[in-house]
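Here is the structure we will look at, set down as structure tokens.
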Amino acid sequence: MRIGVLGTGVVGQTIASKLIELGDKVTMGARDAANEKAAAWASNAGEGAHAGTFADAAGFGELVVNATAGGVSLAALDAAGADNLTGKLLIDVSNPLDFSQGFPPTLSVVNTDSVGEQIQAAYPEARVVKTLNTVSANVMVNPGLVPGDHVVFVSGNDPGAKGEATALLGRFGWPAERVVDLGDITTARGAEMYIALWIRLMGALGGPSFNIELRKP
């Protein structure tokens, strides 16, 4: 599969590298085609790895992953171009973290909205699915790092798109029974607000390699 990954940070590079490992072709997109991080990743990732602009990556991908920071996601997608997103599964792994006041960060979008909803509203012809934002990058693509039947969430308006996202998560190692469908894209609010607790847990546990397991009677 051809996949466009928007974002050159740890999350973008981790997901893109896993996709290459799985045999996909990946273009990593940045604002500037000469972005050094993207170029270095493409050079080191091997055959099937390319770098370009956000528009290059979105145009290349049959599927697009938004791995940019939540505060700049809409700008990145604007640069990617609506025509390059129309009809495509757009997996949004961003979080609305605002570090302007230092650490711990606050959330720039909260309670009555989410980045996932903003993206879906801005690109109604894209099939947006919010997922993977509740775990660290290494756990995203290797859930076996954490023992137990811990879970990941999906939110989105299109059941077919959520099914496709669940299949991709399965390729990363997430069994379908551990993918929890929260509902439509408005449920991304809960998934994004969880990151405030996640950051405190990371401090309490001394690192990011953890996740939550759900149990019911």
task = Evaluate whether atom CD of Gln101 has more than 12 neighbouring non-hydrogen atoms of other residues, nucleotides or ligands under 6.0 angstrom away.
result = no
ask   = Do you reckon Leu201 sits in the same ILVMFWY cluster as Leu214, going by side-chain contacts under 4.5 Å, direct or chained?
value = yes
inquiry  = Taking the side chain as everything from C-beta on, heavy atoms only, tell me whether Gln118 gets closer than 4.5 Å to Asp113.
reply    = yes
query = CG/Asp181 to OG/Ser155 distance, rounded to the nearest 0.5 angstrom?
reply = 7.5 Å
ask   = Under 4.5 Å between any side-chain heavy atoms of Tyr194 and Phe153, yes or no?
value = no
remark   = Residues Pro175 and Gly173: closest non-hydrogen pair is CD-O, 3.2 Å
query = If you look at every heavy atom in Val151 and Asn211, which pair is closest and at what distance?
reply = O-ND2, 2.7 Å
request  = Looking only at non-hydrogen atoms, find the nearest pair between Ala80 and Ala58 and report the distance.
outcome  = CB-CB, 3.8 Å
ask   = Are Leu197 and Phe210 connected, step by step, through hydrophobic side chains (Ile, Leu, Val, Met, Phe, Trp, Tyr) whose heavy atoms are closer than 4.5 Å?
value = yes
request  = Let me see the working for Ile195 and Leu97 under side chain to side chain contact (heavy atoms under 4.5 Å, CB included), right down to the final yes or no.
outcome  = CA-CA 9 Å; Ile195 199 64; Leu97 296 173; 3.9 Å; yes
request  = Could you tell me whether the side chain of Trp198 reaches within less than 4.5 Å of the side chain of Ser136, counting heavy atoms only?
outcome  = yes
remark   = Note: Arg31 and Ala79 closest approach over all heavy atoms is NH1-CB, 4.2 Å
ask   = Is the Trp41 to His50 ring centre distance short of 6.0 Å?
value = no
request  = Specify the closest pair of heavy atoms between Gly29 and Thr8, including all atoms of both residues, with the distance to one decimal.
outcome  = O-CG2, 4.0 Å
ask   = Do any N or O atoms from the side chain of Ser73 and from the backbone of Ala69 form a donor-acceptor pair under 3.5 angstrom?
value = yes
query = Would you say the side-chain atoms of Tyr123 pair up with the backbone N or O of Asp78, donor to acceptor, closer than 3.5 Å?
reply = yes
message = Using modelled atom types and a 3.5 Å cut-off, is there a donor and acceptor pairing between side-chain atoms of Asn44 and backbone atoms of Ala40?
response = yes
query = Ile91 and Val139: same hydrophobic cluster, using ILVMFWY side-chain contacts below 4.5 Å?
reply = yes
message = Does either side chain, that of Asp56 or that of Thr27, offer a donor lying less than 3.5 Å from an acceptor on the other one?
response = no
query = Does atom CD of Glu36 have more than 12 heavy-atom neighbours from other groups under 6.0 Å away?
reply = no
task = Could you check Val141 against Ile15 for side chain to side chain contact (heavy atoms under 4.5 Å, CB included), going step by step and ending with a plain yes or no?
result = CA-CA 7 Å; Val141 301; Ile15 290 174; 4.2 Å; yes
task = Please answer whether the main-chain N or O of Asp158 pairs with a side-chain N or O of Lys162 as donor and acceptor at a distance below 3.5 Å.
result = no
request  = Kindly indicate, with the supporting measurements, whether the criterion side chain to side chain contact (heavy atoms under 4.5 Å, CB included) is fulfilled by Thr68 and Phe54.
outcome  = CA-CA 10 Å; Thr68 63; Phe54 289 135; 4.1 Å; yes
His150 (side chain) donor-acceptor with Pro143 (main chain) under 3.5 angstrom = yes
ask   = How long is the gap from NZ on Lys130 to CG on Asp184, to the nearest 0.5 Å?
value = 14.0 Å
query = When you check the side-chain N and O atoms of Asn133 and Ser94, is any donor under 3.5 Å from an acceptor?
reply = no
ask   = Taking Val154 as the fixed residue, which of Thr187, Val129, Leu132, Val180 is the one that meets the side chain to side chain contact (heavy atoms under 4.5 Å, CB included) rule?
value = Val129
ask   = Between Lys88 (side chain) and Gly61 (backbone), is there a donor-acceptor pair under 3.5 Å?
value = yes
Leu63 side chain near Met1 side chain, heavy-atom distance below 4.5 Å = yes
message = Among residues at least two apart in sequence or on other chains, which ones pass salt bridge (Lys or Arg N to Asp or Glu O under 4.0 Å) with Arg189?
response = Glu117
request  = Evaluate the salt bridge (charged side-chain N to carboxylate O under 4.0 Å, His left out) criterion for residues Lys25 and Glu47: first the C-alpha distance (whole Å), next the side-chain angles of each, then the deciding distance (0.1 Å), finally the verdict.
outcome  = CA-CA 8 Å; Lys25 294 179 171 60; Glu47 187 176 355; over 6 Å; no
ask   = From Asp92 CG over to Leu77 CG, what is the distance, rounded to the nearest 0.5 angstrom?
value = 8.0 Å
key: Connected via hydrophobic side-chain network under 4.5 Å: Val64 and Phe60   = no
ask   = Do the charged groups of Arg127 and Glu164 touch, with an N to O distance under 4.0 Å?
value = yes
key: Side-chain (Glu192) to main-chain (Pro96) donor-acceptor, under 3.5 angstrom   = no
task = Is it possible for you to say whether Val65 and Val10 belong to one hydrophobic cluster, with membership spreading through side-chain heavy-atom contacts below 4.5 Å?
result = no
key: Gap separating the CG atom of Leu90 from the CG atom of Leu85, nearest 0.5 angstrom   = 6.0 Å
remark   = With sequence neighbours left out, the residues meeting side-chain contact (heavy atoms from CB on, under 4.5 Å) with Leu22 are Lys18, Asp24, Arg171, Phe172
message = I'd like to know if the side chain of Thr86 and the backbone of Ala82 have a donor-acceptor N/O pair within less than 3.5 Å.
response = yes
note = The reported gap from CE in Met193 to CG in Asn95 (rounded to nearest 0.5 angstrom) is 12.0 Å
key: Glu177 side, atom CD; Thr166 side, atom OG1 - distance, nearest 0.5 Å   = 11.0 Å
note = Heavy-atom nearest pair, Thr134 first then Ala191, reads CG2-O, 3.6 Å
request  = Just jot down the side-chain contact (heavy atoms from CB on, under 4.5 Å) partners of Asp83, sequence neighbours excluded, or say none.
outcome  = none
inquiry  = Working note: Val128 + Ile185, criterion side chain to side chain contact (heavy atoms under 4.5 Å, CB included); need CA distance, chi angles, decisive distance, verdict.
reply    = CA-CA 8 Å; Val128 179; Ile185 196 62; 4.1 Å; yes
